[in-house]
Number of protein chains: 4
Amino acid sequence: MPESPAETLHELIVATRILANQKVLDAFGHVSVRNPHDPQRYFISRHQAPELAEVSDLVELDLDSVPVRPTEHRLYSERVIHGEIYKARPDVNAVCHHHAHAVLPFCISGRQLVPVFHLPAVIGHVPFWDQRDEFGDTNMLVVKPEEGASLARTLGQNWMVLMHRHGATVAGTSLRELTFRTVFGCENAALQSAAIAHGHVDSLSPGEIELSSAHSVRPPSTNRAWNYWVRHVEKAGLMPAQTASRAKPAATAAKPGAAKAKRSKPKAAAKPKAKKRR
Amino acid sequence: MPESPAETLHELIVATRILANQKVLDAFGHVSVRNPHDPQRYFISRHQAPELAEVSDLVELDLDSVPVRPTEHRLYSERVIHGEIYKARPDVNAVCHHHAHAVLPFCISGRQLVPVFHLPAVIGHVPFWDQRDEFGDTNMLVVKPEEGASLARTLGQNWMVLMHRHGATVAGTSLRELTFRTVFGCENAALQSAAIAHGHVDSLSPGEIELSSAHSVRPPSTNRAWNYWVRHVEKAGLMPAQTASRAKPAATAAKPGAAKAKRSKPKAAAKPKAKKRR
Amino acid sequence: MPESPAETLHELIVATRILANQKVLDAFGHVSVRNPHDPQRYFISRHQAPELAEVSDLVELDLDSVPVRPTEHRLYSERVIHGEIYKARPDVNAVCHHHAHAVLPFCISGRQLVPVFHLPAVIGHVPFWDQRDEFGDTNMLVVKPEEGASLARTLGQNWMVLMHRHGATVAGTSLRELTFRTVFGCENAALQSAAIAHGHVDSLSPGEIELSSAHSVRPPSTNRAWNYWVRHVEKAGLMPAQTASRAKPAATAAKPGAAKAKRSKPKAAAKPKAKKRR
Amino acid sequence: MPESPAETLHELIVATRILANQKVLDAFGHVSVRNPHDPQRYFISRHQAPELAEVSDLVELDLDSVPVRPTEHRLYSERVIHGEIYKARPDVNAVCHHHAHAVLPFCISGRQLVPVFHLPAVIGHVPFWDQRDEFGDTNMLVVKPEEGASLARTLGQNWMVLMHRHGATVAGTSLRELTFRTVFGCENAALQSAAIAHGHVDSLSPGEIELSSAHSVRPPSTNRAWNYWVRHVEKAGLMPAQTASRAKPAATAAKPGAAKAKRSKPKAAAKPKAKKRR
């Protein structure tokens with residue numbers, strides 16, 4: 001969907017704010033997007049709580065997770081998760097690593113996460129990875145390239161991987177698909193946990209997973225959810241300002257949504273002025 | 001309660017906002033109301049997250065779920081759920097389809113949902129439907145008329161039906177009754193799940209269900225709850241403006257005051273004027 | 001604590017708002033206070049969601065729950081719960097009936113609620129009442145004087161009673177004690193449910209219940225909690241205005257708190273004006 | 001991190017607000033910090049809900065928990081928890097006592113709390129203390145010096161202790177480390193409870209606990225979380241003003257801007273100025 005580099009960076013920040021607002025990300029976790037104009041590079045925030053990242057905090061890394069330009073910023077120690085997945089999976093353009101409370105019980109109990117209703121069919125088969133298996137006792141962070149590569153191997157051709165006693169990593173062909181899969185992966189986990197407490201879990205058949213997933217990753221579904229989550233980001237006062245380099249017409253097109261948001265956010269101090277100026 | 005067509009549409013939007021604010025609806029799900037002046041037609045939003053729908057987003061469909069007037073809007077693919085229930089049940093005037101987190105554990109575990117306290121007695125007997133039984137592997141969406149008709153047959157003369165690995169559909173004789181039944185159906189589900197975790201579930205006797213339900217669907221109960229939920233919709237900044245076709249002066253007068261009141265001091269919204277009148 | 005009748009009514013509304021804000025009350029449930037100047041009468045809101053009640057909505061009833069002055073307002077059908085408890089228990093000056101989600105699982109599973117940490121020791125022994133035992137199938141509402149009297153008999157000399165498939169009723173010697181007991185009764189229930197899921201529940205010994213309870217019902221504890229809950233009511237924009245008849249100095253004394261509240265509530269539009277008027 | 005006494009007091013208030021905003025503290029519980037310039041003294045709020053404490057509410061106590069200067073304020077009856085731990089543990093500079101809902105199920109069920117993912121490795125081994133063991137039936141409050149000393153003995157060289165049927169006490173070498181350990185101790189508890197409901201709990205190996213903990217207590221981790229939590233305190237309108245003894249101009253300059261920013265666009269709070277400086 002984003003066309004210019006500035007739009008890609010803006011969308012990365014919006015996706016991150018959505019995932020923070022949906023309680024997937026907290027002080028930790030991170031989201032990245034592959035550079036659409038150079039598949040050997042990706043963008044990710046400097047080291048900080050992801051919700052706080054602005055476009056100006058984004059750094060560009062190569063697939064060895066080394067900054068393209070020298071930077072004085074501290075970087076995420078686990079950035080190799082992103083680089084190694086981009087290396088192994090040319091079809092992946094966006095990655096999220098998180099420790100969402102909905103998903104962690106599976107990482108702790110070792111229970112298999114399976115799609116239990118149609119919308120999260122997009123998680124497909126979710127493999128399990130345990131850093132201890134290959135690397136023994138560590139500080140549990142995925143910091144070495146070989147640790148990232150190991151995780152990427154376990155991910156394989158799937159789209160989500162659970163990390164024992166740690167969290168989850170999710171991949172997507174786009175930021176919107178990634179956001180959809182990440183949020184519904186968490187909702188699936190929460191609801192599967194509730195069904196476990198009922199004593200029985202029914203899951204989708206392989207055919208249902210394939211057909212439901214194919215439907216959900218199409219733009220009508222992912223955009224419908226995206227627009228809804230954006231509205232909630234606006235209501236929470238978390239919407240990032242557009243970058244200066246963003247095309248004006250796009251900004252204008254965005255307005256109807258913003259105008260509606262004002263209804264619930266007296267605080268949207270930035271937008272009204274923009275109106276008066278025109 | 002609504003008398004004019006405009007009031008019906010406004011009430012549909014309010015009911016939808018209540019159900020969104022009560023965490024029944026999220027990016028998905030939808031609510032409809034039968035046209036009170038033409039029982040062969042019903043109103044429903046165009047395709048979008050239901051919370052975002054305004055009166056101007058409503059479309060009128062016939063009972064085959066075909067738009068009465070040509071429209072360029074994308075429509076809900078599952079609109080046949082509504083049309084087929086209106087066809088099969090002349091006593092039903094409002095329908096909600098949702099995937100509320102409270103109810104889904106029952107759709108996944110297959111546990112029978114039963115009224116566990118007096119207020120949700122209005123859900124009565126809740127049958128189970130599984131699209132796979134009749135249609136095999138699908139994308140799990142109820143999109144074909146025969147799929148909607150099958151769901152309506154399972155609903156039968158009941159008021160709520162659970163859909164395996166999918167969600168729930170609820171019916172009502174009015175929007176307010178529908179809203180009451182939908183919200184308390186979710187509360188019942190959440191509390192029954194909690195009692196399941198206690199190891200034992202007591203439910204209402206058939207006589208208690210009948211007597212409690214007869215009491216709760218009367219206006220004193222449904223309006224008391226409706227007014228409370230409306231207040232919370234106002235506090236969340238989600239109250240839709242009145243449609244233009246309602247008395248203009250009222251709408252105009254209400255707007256600036258209401259807009260401020262909604263944000264900050266909901267209870268001051270109605271009362272201040274009353275005070276001045278005294 | 002309240003000295004004048006107006007202060008008693010104001011405190012009843014504040015207690016009600018606290019209980020609504022703490023998620024004890026929703027569209028249903030009600031709170032009452034005995035008239036401190038006439039123990040044969042009590043005050044309670046007219047029929048509506050309790051959170052919405054203002055002082056002007058309060059009606060005065062005798063202990064047969066008949067209005068002292070004729071009123072056109074609809075009254076709570078379950079008001080005999082209050083009247084019959086005041087009749088049976090001269091030491092009780094405030095009553096709350098609710099269906100809090102924390103407590104209902106016990107009403108559904110039949111599990112015994114027991115104090116599991118020191119603060120809720122104030123609930124003491126919590127007996128169980130089932131309307132069906134004495135009255136067979138009903139609409140489950142406590143509307144007849146004999147139904148209220150039966151509930152009061154089961155309450156006996158205790159302070160909280162669970163009602164099967166219905167909810168709970170709590171009593172106190174004052175509104176602040178009632179509020180403390182009601183909120184911590186709910187917290188105890190939620191935490192006991194969590195411990196049940198752990199597979200084991202340790203509870204306070206009889207001696208611990210007696211000693212802890214004696215400590216918690218003293219003003220330092222109940223006021224500390226009351227002041228905290230009031231702050232949260234202020235932050236939620238739910239604080240009722242003082243009634244006109246309330247002593248001015250008291251109103252002035254209340255201000256520092258209000259001023260602090262503004263910090264978090266830009267919306268407190270009502271108060272600044274009041275200031276200007278003085 | 002804080003250098004001046006005023007900064008220490010301000011940071012104590014910020015830590016307290018974070019812990020209140022993160023739902024660790026409610027009407028009860030308390031946080032203290034050792035006087036960095038006199039290790040025989042510590043600061044703690046006078047008796048009140050901790051969230052409401054301002055710098056002006058702080059009192060200085062010696063390690064017998066006696067006020068250094070006479071005060072008319074009521075003090076926390078359980079202040080000996082703090083004094084006795086500071087006595088026994090010269091390496092501890094900050095203490096929090098709380099009854100967080102996440103942790104209480106363990107205090108009620110007697111289940112062992114163990115680190116289940118990498119971030120809460122900082123809780124290490126968590127011993128259990130039961131006031132009844134040594135003191136029989138009490139009001140369950142830790143009010144006598146010997147009760148505090150007993151608790152400190154059970155804490156030993158660990159950093160967190162569970163108190164049967166009561167709550168938890170957490171220690172840190174600094175306020176930021178304490179805050180990190182307290183919040184993640186609660187998150188660990190909530191997630192371990194969820195895994196218990198799954199039927200199986202995997203925990204970190206001793207080596208993983210040591211390596212993960214060593215990483216997490218370093219400033220890059222604790223500051224990243226602290227900055228995130230501070231942002232949320234600002235968004236909740238809970239950020240305390242700077243004390244007068246801090247640089248006046250900064251305090252003054254920060255006030256109007258900060259006040260607005262808190263309400264509506266928290267992320268604009270810090271950054272705009274930085275931008276202008278560039």
Side-chain angles (χ1 to χ4, degrees), chain A residues 13 17 20 25-28 47-54 56-57 74 76-78 99-111 130-132 136-143 163-167 189-190 192-194 196-197 199 236-241 265-270, chain D residues 22 102 114-121 180 183-184 187-188 190-216 220-232 235 260-268 270-271 274-275 278:
Chain A
I13 298 299
R17 301 279 172 94
L25 301 168
D26 48 20
F28 296 91
H47 179 270
Q48 69 180 325
E51 183 185 301
L52 310 191
E54 304 284 354
S56 57
D57 294 317
R74 170 180 289 271
Y76 289 128
S77 59
E78 295 194 306
H99 320 98
H101 283 206
V103 158
L104 270 165
F106 292 82
C107 305
I108 298 164
S109 71
R111 283 257 189 175
D130 192 332
Q131 187 156 340
R132 197 196 285 164
D137 279 353
T138 63
N139 69 3
M140 305 196 68
L141 298 175
V142 182
V143 291
M163 302 152 80
H164 254 127
R165 306 177 312 294
H166 184 147
Q192 185 177 343
S193 287
I196 287 170
L238 285 175
M239 196 63 182
K265 270 194 325 162
K267 7 175 171 173
Chain D
Q22 294 292 317
V114 291
V116 290
F117 70 113
H118 59 305
L119 290 161
F180 189 94
V183 173
F184 278 103
E187 297 204 355
N188 191 89
L191 292 164
Q192 186 177 341
S193 288
I196 287 170
H198 277 206
H200 182 73
V201 174
D202 277 326
S203 58
L204 271 59
S205 71
E208 287 173 335
I209 291 175
E210 194 182 326
L211 293 165
S212 293
S213 180
H215 184 275
S216 287
S221 282
T222 57
N223 286 344
R224 175 173 167 184
W226 177 271
N227 291 338
Y228 171 75
W229 292 324
V230 161
R231 180 69 61 91
H232 282 257
K235 280 167 60 175
K260 270 192 183 173
K262 266 178 240 164
R263 282 172 204 150
S264 50
K265 14 160 214 163
K267 52 202 47 225
K271 302 271 158 111
K275 262 184 189 165
R278 275 168 216 156

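These numbers were taken from a predicted model, which means no experiment stands behind them. Just so you know, these numbers use all the heavy atoms, side chains as well, and skip hydrogens, waters and symmetry mates.
- Residue with the most contacts toward chain A among D:Gly199, D:Ala197, D:Ser203, D:Ala214: D:Ser203 (heavy-atom pairs, distance under 4.5 Å).
- Taking the six-membered ring where tryptophan is involved, the planes of A:His166 and D:His118 are tilted, since the angle between them lies from 30° to 60°.
- Ring-plane geometry between D:Phe184 and D:Phe117 is classed as perpendicular, the angle between the planes exceeding 60 degrees on a 0 to 90 degree scale with a lower cut at 30.
- The residues A:Glu51 and D:Arg231 are annotated as not salt-bridged, no charged nitrogen and carboxylate oxygen being separated by less than 4.0 angstrom.
- For the pair D:Glu187 (side chain) and D:Pro120 (backbone), a donor-acceptor distance under 3.5 Å is absent.
- With a threshold of 4.5 angstrom between heavy atoms, D:Pro220 approaches chain A through its backbone and through its side chain.
- Top candidate by heavy-atom pairs under 4.5 Å with chain A, chosen from D:Leu119, D:Ile209, D:Ile196, is D:Leu119.
- Per-residue heavy-atom pair counts under 4.5 Å with chain D were compared for A:Gln131, A:Arg165, A:Arg132, A:His99, and the maximum is reached by A:Arg165.
- Contact of A:Ser193 with chain D is made through backbone and side chain together, with heavy-atom distances under 4.5 Å.
- Among A:Ala49, A:Ser77, A:Ser109, the residue making the largest number of heavy-atom pairs under 4.5 Å with chain D is A:Ser109.
- Proximity of A:Gln48 to D:Asn227: side-chain heavy atoms (C-beta onward) are nowhere separated by under 4.5 Å.
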